[in-house]
Protein chains: 4
Amino acid sequence: MAPYNEDQLLAIRDERREQILGAALGVFARHGPALTKMSMISQAAGISHGLLYHYFKSKDELFIALVSEAMLGAGDAVEEMLEHPGSIIDKLRHFLHDAMSVETRLLFLLIHQARTSHGVPEQVREIIKDYSLGWFAARLKPLFLQGQRTGEIASDDADQLIEGLLTAVSGSMLLHASDEHNIPLMNPDHLLRLVLAPDHIQPL
Amino acid sequence: MAPYNEDQLLAIRDERREQILGAALGVFARHGPALTKMSMISQAAGISHGLLYHYFKSKDELFIALVSEAMLGAGDAVEEMLEHPGSIIDKLRHFLHDAMSVETRLLFLLIHQARTSHGVPEQVREIIKDYSLGWFAARLKPLFLQGQRTGEIASDDADQLIEGLLTAVSGSMLLHASDEHNIPLMNPDHLLRLVLAPDHIQPL
Amino acid sequence: MAPYNEDQLLAIRDERREQILGAALGVFARHGPALTKMSMISQAAGISHGLLYHYFKSKDELFIALVSEAMLGAGDAVEEMLEHPGSIIDKLRHFLHDAMSVETRLLFLLIHQARTSHGVPEQVREIIKDYSLGWFAARLKPLFLQGQRTGEIASDDADQLIEGLLTAVSGSMLLHASDEHNIPLMNPDHLLRLVLAPDHIQPL
Amino acid sequence: MAPYNEDQLLAIRDERREQILGAALGVFARHGPALTKMSMISQAAGISHGLLYHYFKSKDELFIALVSEAMLGAGDAVEEMLEHPGSIIDKLRHFLHDAMSVETRLLFLLIHQARTSHGVPEQVREIIKDYSLGWFAARLKPLFLQGQRTGEIASDDADQLIEGLLTAVSGSMLLHASDEHNIPLMNPDHLLRLVLAPDHIQPL
DNA sequence: TATGAATGAGCATTCATTCAT
DNA sequence: CATGAATGAATGCTCATTCAT
């Protein structure tokens, strides 16, 4: 008889919103914005397509909301790595594990879609403009230079090492995700060989 | 206005067909079958969209024809590598260069699209069922085992080494292609570090 | 929180009903039934759209209720005019002023919408079937005939004079309402020239 | 066997375009842009809705094209009137006849819709910004001043006379058009009484 | 009584495909 | 062989209406 009180409404809205964002993340990350149909999202979220539009005005807005959230988490991963205890190799290994974890991979894919898909809203381009391999590379560089001084990291051009590592990591996640998981993710320790000094290479 | 004789017609047909396939390869490889519009292909080929349907019954059929052709060339690359003169490292370096060349990359991307896009005709799945990293891996394995005997290749599990190398190569090509070439292809010598024995690693 | 007693409930019901009808009149009159969204009405009435459906089963029913009420008032205007003291010209001038007053205009517009909009419920057509310029014309005719005898009204065909006058009045209100009030209402004295005998025409 | 030649294609395109514009004029003028469904137009034109989009990119573009064409003819009517031979009354009578002719009425209605409908594309507002009763009034004024000198036109404020006349004309057309022709157009000679000097008024 | 979450029919638009010439 | 007009299925989005609370 009585309408929901404010708390109940807020709870419902929050729950639905998360439900939708969660469903949308999976679909957008896998199919890209253009191939993602609103019906896929509504079906994945278990709601009607009409309800989608109560929570997000358009497909674009939903995509934007998702990318914005993903971006917030992007920086944290690097910070966390830098603060991780242990040797430089330990930090890197932790970073790779973290980057390749299930949750992070979806976010990575989403951002990849945002960067590479055609017809993405301008606002999304704005948001991710600064997010690129280069952005990560800049943050990893001090660590690599230090690693080269300690002899843990190969003594080649640090930029090239970093770029290669990040490319390989990203590429592996991309392949893994896009190929319905038939292609396994690369072993982080294997990836590390791209940057380790030869005498620090360990058996896999 | 004058009617063509049979030979001329045949020549035209063949030429047009190649023209279409060439145009379609570029478009399909970059955008994937679902996002590729027939108008993109006809425009790239410089013909009317109507003519497309004289040569290929449907978008699916065109895609299938393209994938079939790509498959034919796929095996050759490996054979050529195995026959390439020089050390095992030389063979591998040559393979990587070849795989990452402009022409080969398009074929790789096309097949990747065929494997990973949703809504791809069943027939395409049939054709590429056997083509996978595993297929290449099997052909590379003897070379790797030999390389381990000669000490050129790291002494870890050969399957894992191969899979990692192929993943990194493929991932790099995929990233490079999808990100409007803002992400450079990985340096083949850098990639080789994934599989070389530590004491065969050279400065980049 | 305390339950209302029956009288209070009835009072609330009546008040809300009037509130809704008042809001709906303005919106329907301006936009017509098809372009009127239930959300416009609920917003104008300051209530939730859900509540609208407690009082009126559907948009159609609300529109029907409104038109019915408008019809009730329609006849009064003419009666009042006929009983207005003064000369025939005074009666007509009073009628025009009354017809073009703010409140009456909304009713006029509503009925016009009801008559002219497509997709209006059959029931509405039923209700307003008899309400037309012809209906007014019939009631004005005795007055005009009398005016012709007194020499106040031009001696042309009375039906034609009446129809012209009503058309011009209605048209002016319609233009005024539809064009965001950029087109002013016609001056009643100016309109009267359509029916006055030449020697009764006064400067504007 | 041979494709259409250029002339044939041009003929087809022109014919279809006119067919569509003609159908769209009727529908837009009567229902307004918001209530006009593309299916109404395609049905009225006897073509598929898909074909509509070969000729006009969107509903808005079609509406814009239509309004643009209508505007071109708008000025001509006035010019023609001013050049019409005969007395000032003759000129005005000719103008009214012309303005109220079948073809002109549709254009008038279309422009009215363009001016008064909500959600009309900005470009349309641009185009018709200057077209208003005021625009016509300015062009009619010299004629009225002259008519007042010759004694044909009533000696009231010319602006008020013109505005009243145009309002009555427009209103009549609007009523006539919107009410499925149940309300007859006003008699031009009757309308003239709004502006004639009393001693120039003729029996209807 | 009152609220707003939830549903689904309807419309604008895109694009693969057909067909007359 | 070659062209582009023509069709219609599919998809994003709006909005009237229902319903749990």
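As a basis for the values below, the full set of heavy atoms in this structure was taken, side chains included, without hydrogen atoms, waters or symmetry mates. Letters A, B, ... are given to chains in the order of the sequence lines, protein chains preceding strands, and every chain is numbered from 1.
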> Do A/N5 and A/Q8 pass the side-chain contact (heavy atoms from CB on, under 4.5 Å) test, and can you show the C-alpha distance, the side-chain angles, and the key distance before you say yes or no?
Replying inline: CA-CA 5 Å; A/N5 64 41; A/Q8 287 172 312; 3.5 Å; yes

What is the distance, rounded to the nearest whole Å, between atom [atom1] of [X] and atom [atom2] of [N]?
X     : N      : atom1 : atom2 : value
C/F63 : F/dA16 : CZ    : C1'   : 16 Å
C/M40 : F/dA16 : CE    : P     : 9 Å
B/L35 : E/dT14 : CG    : P     : 16 Å
C/Y53 : E/dT7  : OH    : C1'   : 13 Å

Minimum heavy-atom separation for [X] and [Y], please, with both atom names.
X      : Y      : answer
C/A70  : C/L107 : CB-CD2, 3.7 Å
B/A65  : B/R17  : CB-NH2, 4.2 Å
B/Q113 : B/P33  : CB-CD, 4.0 Å

>> Using a 4.0 Å heavy-atom cut-off to protein, can you give one letter per nucleotide of nucleotides 4-11 of chain F, 5' to 3': B if the base is in contact, S if only the sugar-phosphate is, - if neither?
In response: BBBBBB-S

> How do A/K57 and C/D60 order along DNA chain F: which one's closest nucleotide is nearer the 5' end?
Replying inline: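 Comparing both residues, the 5'-ward one is A/K57.
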
Distance-only donor-acceptor hits, side chain of residues 44-58 of chain C, under 3.5 Å, sequence neighbours excluded:
unit_1: C/S48; atom_1: OG; unit_2: C/L51; atom_2: N; d: 3.3
unit_1: C/S58; atom_1: OG; unit_2: C/D60; atom_2: N; d: 3.4
unit_1: C/S58; atom_1: OG; unit_2: C/E61; atom_2: N; d: 3.1

> Excluding sequence neighbours, so at least two apart, what forms side-chain contact (heavy atoms from CB on, under 4.5 Å) with D/L66?
Replying inline: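 Residues passing side-chain contact (heavy atoms from CB on, under 4.5 Å) with D/L66: D/L21, D/A24, D/L25, D/F28, D/L110.
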
>> Defining pairs by Watson-Crick or G-U wobble geometry with both distances under 3.5 Å, how would you list the stems of DNA chain F with at least three pairs each?
In response: E:2-21 with F:2-21

>> Working to the nearest 0.5 angstrom, can you tell me the gap between C/I127 CD1 and C/R115 CZ?
In response: 13.0 Å

> Roughly how far, to the nearest 0.5 Å, is the CD atom of B/E122 from the CD1 atom of B/I64?
Replying inline: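 Nearest 0.5 Å value for the CD1-CD distance: 10.0 Å.
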
> Side chain of C/K59, backbone of C/M38: donor and acceptor closer than 3.5 Å?
Replying inline: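 Checked: no pair found.
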
> Which pairs, with at least one residue in residues 18-44 of chain B and sequence neighbours excluded, count as a side-chain hydrogen bond (donor to acceptor under 3.5 Å, both in side chains)?
Replying inline: B/R16-B/Q19

> Among residues 17-30 of chain D, which contact DNA chain E at a heavy-atom distance under 4.0 Å?
Replying inline: none

> Near A/Q123 CD, under 6.0 Å, is it more than 12 heavy atoms from other residues, nucleotides or ligands?
Replying inline: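 Result for CD/A/Q123: open.
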
